[in-house]
Amino acid sequence: MEDYIVQINDKFFDLMLIGEICEVLLVNTGKVKSYKVGNQIVIQNRDNSEENFTAEITHILYFNTIMDALEMIDKKRLGYAKKTLTQIEDNILAMLRAQDVEKFGVVVIEFKKI
């Protein structure tokens, strides 16, 4: 099986590692389009590639915009418990390319560590 590697910044990686975050929001491009429930993914710390863990995809939700996703899912599960939806959207857009989000939409992947 081909490895699916999802790189996550340090702050969110640590929360995923201890189980406080179990979802990730990605632009729906490239390999992400081929993800299926049951696939294994490697969650990797973007700042330290030596830090990683394997997870299994349990749910996949597709959305046209980041705000559509944020209105449907619990923001705490993405690691944004204390921010408004607009603040979260701005934060996510600072990490993703806005033109890719507009063109391809986003996907929220729920996972469990294995």
Side-chain angles (χ1 to χ4, degrees):
M1 179 183 83
E2 183 178 4
D3 281 340
Y4 296 118
I5 297 173
V6 177
Q7 292 188 330
I8 305 296
N9 80 27
D10 198 41
K11 171 189 167 189
F12 294 106
F13 179 83
D14 290 343
L15 292 171
M16 289 177 175
L17 197 58
I18 63 173
E20 287 196 26
I21 297 177
C22 58
E23 293 179 344
V24 62
L25 186 146
L26 305 166
V27 176
N28 192 23
T29 61
K31 286 186 179 182
V32 175
K33 287 187 173 197
S34 64
Y35 290 3
K36 293 181 176 41
V37 171
N39 284 155
Q40 290 184 6
I41 56 175
V42 175
I43 307 286
Q44 184 178 74
N45 186 333
R46 180 177 284 138
D47 301 318
N48 178 0
S49 63
E50 299 286 319
E51 290 186 312
N52 63 70
F53 64 88
T54 303
E56 180 180 330
I57 297 173
T58 58
H59 293 91
I60 301 174
L61 300 170
Y62 299 91
F63 300 95
N64 291 323
T65 67
I66 292 170
M67 192 57 77
D68 289 345
L70 295 176
E71 289 172 349
M72 291 293 293
I73 60 174
D74 183 351
K75 62 185 182 177
K76 288 181 246 175
R77 295 174 65 89
L78 287 171
Y80 290 104
K82 297 182 181 179
K83 293 188 176 190
T84 68
L85 295 184
T86 303
Q87 289 170 323
I88 298 168
E89 181 181 43
D90 290 345
N91 185 265
I92 292 171
L93 282 171
M95 293 183 277
L96 304 176
R97 291 172 31 124
Q99 59 266 39
D100 287 346
V101 172
E102 288 178 24
K103 184 175 181 179
F104 300 108
V106 295
V107 60
V108 175
I109 296 172
E110 184 178 320
F111 61 87
K112 65 178 180 180
K113 287 174 50 176
I114 48 178

Looking at every non-hydrogen atom in both residues, tell me the closest pair between [X] and [Y] and how far apart they are.
X: Val24; Y: Met16; answer: CB-CE, 4.0 Å
X: Phe13; Y: Ile43; answer: CE1-O, 3.5 Å
X: Glu23; Y: Asp74; answer: OE1-O, 4.5 Å
X: Cys22; Y: Arg77; answer: SG-NH2, 3.1 Å
X: Lys76; Y: Ala81; answer: CG-CB, 3.5 Å
X: Lys112; Y: Thr58; answer: CG-CG2, 3.9 Å

[atom1]/[X] to [atom2]/[Y] distance, rounded to the nearest 0.5 angstrom?
X: Leu85; Y: Gln87; atom1: CG; atom2: CD; value: 9.5 Å
X: Glu56; Y: Ile41; atom1: CD; atom2: CD1; value: 10.0 Å
X: Ile92; Y: Leu26; atom1: CD1; atom2: CG; value: 10.0 Å
X: Ile109; Y: His59; atom1: CD1; atom2: NE2; value: 13.0 Å
X: Asn52; Y: Glu50; atom1: CG; atom2: CD; value: 8.0 Å
X: Asn91; Y: Leu78; atom1: CG; atom2: CG; value: 10.5 Å

Q: Compare all side-chain heavy atoms of Ile88 with those of Ile66 and state whether any distance is below 4.5 angstrom.
A: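 No. Closest side-chain heavy atoms not under 4.5 Å.
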Q | Side chain to side chain, Val27 and Val32, heavy atoms closer than 4.5 Å | A | no
Please say yes or no: joined through hydrophobic side-chain contacts below 4.5 Å, possibly via intermediate residues, are [X] and [Y] part of one cluster?
X: Leu93; Y: Phe63; answer: yes
X: Met95; Y: Leu25; answer: yes
X: Val6; Y: Val42; answer: no
X: Val37; Y: Phe111; answer: yes
X: Phe53; Y: Ile114; answer: no

Q. CG of Asn64: more than 12 outside heavy atoms within 6.0 angstrom?
A.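 No - once you tally the heavy atoms of other residues, nucleotides and ligands closer than 6.0 Å, there are 12 at most.
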Q: Using modelled atom types only, decide if a donor and an acceptor are shared between the side chain of Lys75 and the backbone of Lys83 within a distance under 3.5 Å.
A: yes
Q) Can you tell me if Lys113 uses its side chain to pair, donor with acceptor, with the backbone of Leu17 under 3.5 Å? A) yes
Q. Can a donor-acceptor pair be found between the side chains of Asn45 and Asp10 at a distance below 3.5 Å?
A.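 Yes, side-chain donor-acceptor contact under 3.5 Å.
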Q. Under 3.5 Å, is there a donor-acceptor pair linking the side chains of Tyr62 and Asn28?
A.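 Result is no, nothing qualifies.
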